[in-house]
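As structure tokens, the structure follows; a few thoughts come after it.
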Amino acid sequence: MAAAVLVAGLGFSTSVMALDEVNFQWSWIPTGFYAPISAGMAMGFYEDEGIDLTVSTGRGSGDAVKKVAGGGSPIGDGDISAVMSARAEEGAPVKCLMHEHNHSPHSLFILKSSGISHFKDLEGKTLATTPGNSHRNYFPIAARMAGLDPDTVSWTVVDATAMPSLLINKRVDGVPYFTSNASFVEPQAKAIGDELVIIPFADYGFDIYSYCIYARDDVIEEQSDMLQRFLKATVRSFVWARDNPEEAARLHKERWPDTKYEDNLAGWVDLSGNMFGKDKSKDWTGHYDMAKVQKTYDVLVESRGLNPDFDVTEVIHDSLLPQM
Amino acid sequence: MLPLLAVLILGVAWEGAVLVFEIPVYMFPALSVIWSEFLTNVGLVAGHTVATLGTVMGGFALSIAISVPLAVLIASSPLMANAIYPLLVLTQSVPKVALAPILVVVLGAGEVPRLVVTFLVAFFPLVTSLATGLLTTPADLIELGRSYKATWWQELVRIRFPSSVPFMFNGLKLAITFAVVGATVGEFVAADKGLGYQIMAATAFFNTPAAFGALVILSLLGIVLFQAVVIIEKVFFSWSTPMEADLQ
């Protein structure tokens, strides 16, 4: 009996010790966007793959890329533009392992009372943005696609926390946000008897990749098995959260009590629509279409003046993804 | 009594202004709304407060541990003072908000960078106050000690340190207040808990009452810790504090 207990005890400790401790550096605070990861952790999907996952919140894509490239965490997430810029401009050793957004979630939030319904209506208007915001870089390209001369629009640079208030107080005509942020701003617009209107950049053919999960080169080289298991658990988490959005939002709230269930659900449903389609009919695998990767980089060359000769295959490594 | 009355008047003016001018909650929430939000999430706020308190106390302890030997070195000779002071000023010239993200990249996303930022914000007044205290020890006391053949160590511990207690507590009061600011800056940059994190997350989630609530708690934390230092000084070093009669 004692031996059995001892063996069982040893077996338990071995399995606990066998778990790889992995930190996942998020690019932002725990919005509903991250509900699948919280759900996967709560459901034990990562433990099933031998991973003891912890997460750290970030303060923007550039911030997260720096932390991962600097060795703080092996894996991170953020906009592919930050990964491409870091690699092409500074030689940061990071590569995207899978994409989360099939198409750009960049959009413009405006109030219905402004009468703006199309980019063409923005002539002579003022928009607010934060320093280094990717929307500001992409806007001229999306505007030209929509038939608007981008130079006819004025921008005012403000702190991120001031953006929604400026819109609600009608001090500016629009603010750029990812579509997933609507749940925070919509109630405020309703509170002043107005309505929030969202104009996605993608409506004008601005079709590029956005968020991805990336890792450092040395981790890809030396811990590819761990990364494969991490990706398998992550894909499983996304698919599970697609089928159980309410439960995913609830588990996210449980892990991050500062969040609201409704916001979590709205944030995840928005991302889920981007990945799997609004009716969940699209196949999402996380694998990259290299032609679209090149198109994404070309947009960065045009908007940020990145090196046009950079080989985009250097920034993609999706062969560790599970086959679906 | 008077301070309480002043706080009460401020509270009533705050509540009244929000009601009269119909200020939207996302811009400037009424005290009653902040209080209601606080009561709803009291456990959560307590958790964030404990996290911040831990960083404040850790950074404060680090400040003391490093400031005391530094102040002794500065007071030991004009040569050391000339060598150390420019470096101290250099650390204060660098904006900590700009330095914090770099520290996170170098030191990782754990507690260490927050402690270092807290230390960097808090230690300077402590070093300068203590060094000033050590250097302004009355000359007749030093002479007396030397006439009894006191060693360097005895002179430091039995004459210079006791003589500089009022200066040291001046520095400690400033340091504990700055430590609260430093911990908050650290949490703004990299943290998953703490009042600084709560302010940032609540603002991003458009929960302005929660952000204001965290601000109020931070202010209270600063006041309580400052008063704690005052009490320690009065209880353990009452001989060094001026009597009320002396102030009149």
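Basis for what follows: all heavy atoms, side chains included, without hydrogens, waters or symmetry-related copies. Lettering of chains follows the sequences in order, A, B, ..., and the numbering in each one begins at 1.
For B:N41, no part lies under 4.5 angstrom from a heavy atom of chain A. Only the backbone of B:V189 comes within contact range of chain A, judged by heavy atoms closer than 4.5 Å. With a 4.5 angstrom heavy-atom cutoff, A:T31 touches chain B via backbone and side-chain atoms both.
When each of B:H48, B:K193, B:Q198 is checked for heavy-atom pairs under 4.5 Å with chain A, B:H48 comes out on top. Put simply, of A:G70, A:G71, A:P30, A:S183, the one with the most heavy-atom pairs under 4.5 Å next to chain B is A:P30. Of the listed residues A:V185, A:N169, A:D63, A:D263, the one with more heavy-atom pairs under 4.5 angstrom with chain B than any other is A:N169. Contacts with chain A were tallied for B:P101, B:A201, B:A190; B:A190 has the most, counting heavy-atom pairs under 4.5 Å.
At most 12 non-hydrogen atoms from other residues, nucleotides or ligands lie less than 6.0 angstrom from CZ of B:F236. When the shell of 6.0 Å around NZ of A:K67 is examined, it contains more than 12 heavy atoms from other residues, nucleotides or ligands.
The heavy-atom pair separating A:V55 from B:D192 by the smallest distance is O-OD2, 3.4 Å. Considering every non-hydrogen atom in both A:R59 and B:Y197, the closest pair reads NH2-CD1, 3.8 Å.
Below 4.5 Å, heavy atoms of chain B meet heavy atoms from A:Q188, A:I192, all part of residues 187-199 of chain A.
A:T57 places a side-chain N or O within donor-acceptor distance of the main-chain N or O of B:A191, the cut-off being under 3.5 Å.
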- Message: Set out, in order, the CA-CA distance, both residues' side-chain angles and the distance that settles side-chain contact (heavy atoms from CB on, under 4.5 Å) for B:N207 and A:F184, then state yes or no.
- Response: CA-CA 9 Å; B:N207 187 355; A:F184 307 125; over 6 Å; no
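One distance of note links CD1 of A:I29 with CE of B:M200; it measures 5.0 Å at 0.5 Å rounding.
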